[in-house]
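Following: one structure in structure tokens, then a few remarks.
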Amino acid sequence: MIIIIGAGLSGLLTAYRLNKAGIAFKVLEARSRLGGRINTVFGSEDTPVEMGATWFSSPHTNLISLLNELGLEYFEQHMDEAVFLQQNPQFPVQKMQIPKQQPSYRISGGTSKLIETLYKNLEVEDVLFNQAVEHIHFQNHAVQIIADDTFIGTHVVLAIPPKLWAKIDFEPKLPSELLAIAAQTHTWMEDSIKIALTYARPFWRDENIPATFFSNSGPVTEFYDHCNHERSKYALCGFMSSNFKNLNSEERRNLVMKQLKNVFGIQAEGFLDYQECIWSREEYTFSSSSYSIYPHQNNGNPIFSPSYFEDRMVISSSESSAEFPGYMDGAVYSGNLAAEKLISASQK
């Protein structure tokens, strides 16, 4: 049996491939939910908004191929030809034209639709929640994984960010270079704050004003039209500067609404739902570091490509991918590759 640590995109995709190949596995997830850094939440009118992974583009062929395989639709992100720009809080917000952008895309029904579809193709008993792995022991012909419960397998897949598995107790110890690089690998989304507001009507369309907004000062730094595929449910969604993470939720919300009222007018106050996610407070995404780590540092490092402990340990996550590391496409690439390695090993 193969033990997969992590029920995010790479872990569930590996499980999906193994299941189709008839290979036994268990997925151990530390959280009480699926998806990892993919997390679609729904407002009071069932408007889907993304608190995690959201966009992809045409070069992300691994992800697009998977969506096509699973029969999932995607649609082009609406982008305005004009945007609001706030260069400095001391100066008024400007409306300016921007060059035509390469299109980005979103998954119809929300990014979590991909996670749910993979999960529905698995047996419920093969995905276990609230299983935070603390110890991995490589024995002669087996791997013992100690989480809330204890599991024995033939192989283990590390389908979580390197900085997280670097803090698991391994026996024997991981190679020192691998451990050092893992501890200095940036975790995609770990510093991000996502924010979304839902509305009964898309006031920006009714008023013929841009929904796209950029600010150099914050609290909101990027904001976009976040209506659903059918454009029947209405939202704005984007990023907040991580400088505001230490405020309490009410203080952040008050600053956000003051800024948005200044940008969009009083109609911005008429929201139905206000959602935010501070990823640095997510225990199973963020791990503190002794080092200053820059965005995407060590993502795609070649040291993550080999299998370890006589090919019984496979590394698989967005950060470990040789293609588009730090993106959903990288997670798909890693999940496919991990499954290929394990299926090949089972045939020997």
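Every heavy atom of this structure was used, including side-chain atoms; hydrogens, water molecules and symmetry mates were not.
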Does Thr187 reach the side chain of Arg37, with side-chain heavy atoms less than 4.5 Å apart?
-> yes
In terms of heavy-atom contacts, Ser280 and Lys245 come closest through OG-CD, 3.6 Å
Treating Ile, Leu, Val, Met, Phe, Trp and Tyr as nodes and any side-chain heavy-atom pair under 4.5 angstrom as an edge, say whether Ile160 and Leu18 lie in one connected cluster.
-> no
Any side-chain donor paired with an acceptor under 3.5 Å for Glu319 and Thr185?
-> no
Any Ile107 side-chain heavy atom under 4.5 Å of Thr54 side chain = no
Taking only residues two or more places apart in sequence, or in another chain, which ones meet Lys95 in a salt bridge (Lys or Arg N to Asp or Glu O under 4.0 Å)?
-> none
Heavy-atom neighbours of Glu310 CD exceed 12 at 6.0 Å = no
Value for CG (Asn301) from CD (Gln184), rounded to nearest 0.5 Å, stands at 10.5 Å
How about Phe129 and Val27: do any of their side-chain heavy atoms sit closer than 4.5 Å?
-> no
Could you tell me whether Glu125 atom CD has more than 12 heavy atoms of other residues or ligands within 6.0 Å of it?
-> yes
From CD1 (Ile146) to CD1 (Ile136), nearest 0.5 Å | 10.0 Å
Please determine, by modelled atom types, if Asn216 and Gln86 share a side-chain donor-acceptor pair under 3.5 angstrom.
-> no
Point-to-point distance, once rounded to the nearest 0.5 Å, from CD1 of Ile303 to CG of Leu178 = 5.0 Å
Given the rule in the ring-ring contact (aromatic ring centres under 6.0 Å, His included) test, do Tyr294 and His186 qualify, once you have shown the distances and angles that lead to the verdict?
-> CA-CA 7 Å; Tyr294 57 81; His186 181 257; 8.4 Å; no
State whether the number of non-hydrogen atoms from other residues, nucleotides or ligands found under 6.0 Å of Phe25 atom CZ is greater than 12.
-> yes
Without placing hydrogens or testing angles, list every side-chain donor-acceptor pair under 3.5 Å for residues 72-79, not counting sequence neighbours.
| from | atom 1 | to | atom 2 | distance (Å) |
| --- | --- | --- | --- | --- |
| Gln77 | OE1 | Trp55 | NE1 | 2.9 |
| Gln77 | OE1 | Arg106 | NH1 | 3.2 |
| Gln77 | NE2 | Asp225 | O | 2.7 |
| His78 | NE2 | Asp80 | OD1 | 3.2 |

Identify the heavy atoms of Ala82 and Gln97 that sit nearest to each other, and give their distance.
-> CB-OE1, 3.3 Å
Say whether, by atom type as modelled, one donor and one acceptor occur between the side chain of Asp273 and the main chain of Ser44 under 3.5 angstrom.
-> yes
So, the side chain of Gln131 versus the backbone of Asp148: is there a donor-acceptor pair under 3.5 Å, distance only?
-> yes
Polar contact flag, side-chain donor to acceptor under 3.5 angstrom, Asn39-Glu50 | no
Check Val220 against Ser215 and note the closest heavy-atom contact, atom names and distance.
-> O-CB, 3.2 Å
Taking the side chain as every heavy atom from C-beta outward, state whether Leu13 and Leu66 have any pair of such atoms under 4.5 Å apart.
-> yes
What one should report as the nearest heavy-atom pair of Ala235 and Val49 is CB-CG1, 3.7 Å
Shortest non-hydrogen contact from Leu272 to Ala200?
-> CD1-N, 3.5 Å
Step-by-step side-chain contact (heavy atoms from CB on, under 4.5 Å) determination, Met240 to Arg252 = CA-CA 9 Å; Met240 182 189 298; Arg252 269 192 310 276; 3.4 Å; yes
Heavy-atom nearest pair, Glu45 first then Lys233, reads O-NZ, 2.9 Å
Quick note, side chain to side chain donor-acceptor pair (under 3.5 Å) partners involving residues 152-167, not counting sequence neighbours, are Lys163-Glu190, Lys167-Ser287
Spacing of Phe309 atom CZ and Phe170 atom CZ [to the nearest 0.5 Å] | 7.0 Å
Would one find more than 12 heavy atoms of other residues, nucleotides or ligands at under 6.0 Å from atom CD of Glu69?
-> yes
Tell me, please, which residues at least two apart from Ser112 pass side-chain contact (heavy atoms from CB on, under 4.5 Å).
-> Ile38, Thr40, Glu116
Verify whether one side chain among Asp329 and Asn62 offers a donor that lies under 3.5 Å from an acceptor in the other.
-> yes
Report yes or no: does Ser10 contribute a side-chain atom to a donor-acceptor pair with the main-chain N or O of Gly335 at less than 3.5 Å?
-> no
Stepwise, does the side-chain hydrogen bond (donor to acceptor under 3.5 Å, both in side chains) test hold for Asn228 with Glu230?
-> CA-CA 6 Å; Asn228 63 347; Glu230 298 79 12; 3.2 Å; yes
For Glu269, which residues count as a salt bridge (Lys or Arg N to Asp or Glu O under 4.0 Å) partner, sequence neighbours excluded?
-> Lys261
Which residue, Leu164, Val157, Val156, forms the side-chain contact (heavy atoms from CB on, under 4.5 Å) with Ile5?
-> Val156
Taking atom types as modelled and ignoring hydrogens, do the side chains of Ser242 and Asp191 form a donor-acceptor contact shorter than 3.5 angstrom?
-> no
Report yes if the side chains of Met328 and His60 come closer than 4.5 Å at any heavy-atom pair, otherwise no.
-> no
Keeping the roles fixed (side chain from Glu29, backbone from Arg31), state whether a donor-acceptor pair exists under 3.5 Å.
-> yes
Nearest 0.5 Å please: distance from the OG atom of Ser346 over to the CD1 atom of Ile2.
-> 7.0 Å
What's the verdict on ring-ring contact (aromatic ring centres under 6.0 Å, His included) for His296 and Phe324, showing C-alpha distance, side-chain angles and the deciding distance?
-> CA-CA 10 Å; His296 293 288; Phe324 291 104; over 10 Å; no
Under the 3.5 angstrom rule, does the side chain of Arg312 hit a backbone N or O of Gln139 as a donor-acceptor pair?
-> yes
Determine, step by step, whether Tyr284 and Glu282 satisfy the side-chain hydrogen bond (donor to acceptor under 3.5 Å, both in side chains) criterion, reporting the C-alpha distance in whole Å, the side-chain angles of both residues, the deciding distance to 0.1 Å, and the verdict.
-> CA-CA 6 Å; Tyr284 300 115; Glu282 292 278 326; over 6 Å; no
Lys/Arg-Asp/Glu bridge criterion (N-O < 4.0 Å) met for Asp206, Arg201 | yes
What class does the angle between the rings of Phe271 and Tyr274 fall in, given that below 30° is parallel, 30 to 60° is tilted and above 60° is perpendicular?
-> tilted
Would you find a donor on one side and an acceptor on the other, under 3.5 Å apart, between the side chain of Ser316 and the backbone of Ser334?
-> yes
Flag, side chain of Glu251 to backbone of Asn248, donor-acceptor distance under 3.5 Å | yes
Do the side chains of Leu85 and Gln87 get nearer than 4.5 Å, heavy atoms only?
-> yes
Calculate, to the nearest 0.5 Å, the distance between atoms CG and CZ belonging to Asn246 and Arg281 respectively.
-> 7.0 Å
So, the side chain of Thr117 versus the backbone of Lys113: is there a donor-acceptor pair under 3.5 Å, distance only?
-> yes
Trp204: partners by ring-ring contact (aromatic ring centres under 6.0 Å, His included), with sequence neighbours left out = Tyr199
Within a strict 4.5 Å, meaning less than it, do heavy atoms of the Ile64 and Phe56 side chains meet?
-> yes
Test the Lys194-Phe239 pair against the cation-pi criterion, namely NZ or CZ under 6.0 angstrom from the six-membered ring centroid and within 45° of the ring axis.
-> yes
What class does the angle between the rings of Phe213 and Phe264 fall in, given that below 30° is parallel, 30 to 60° is tilted and above 60° is perpendicular?
-> perpendicular
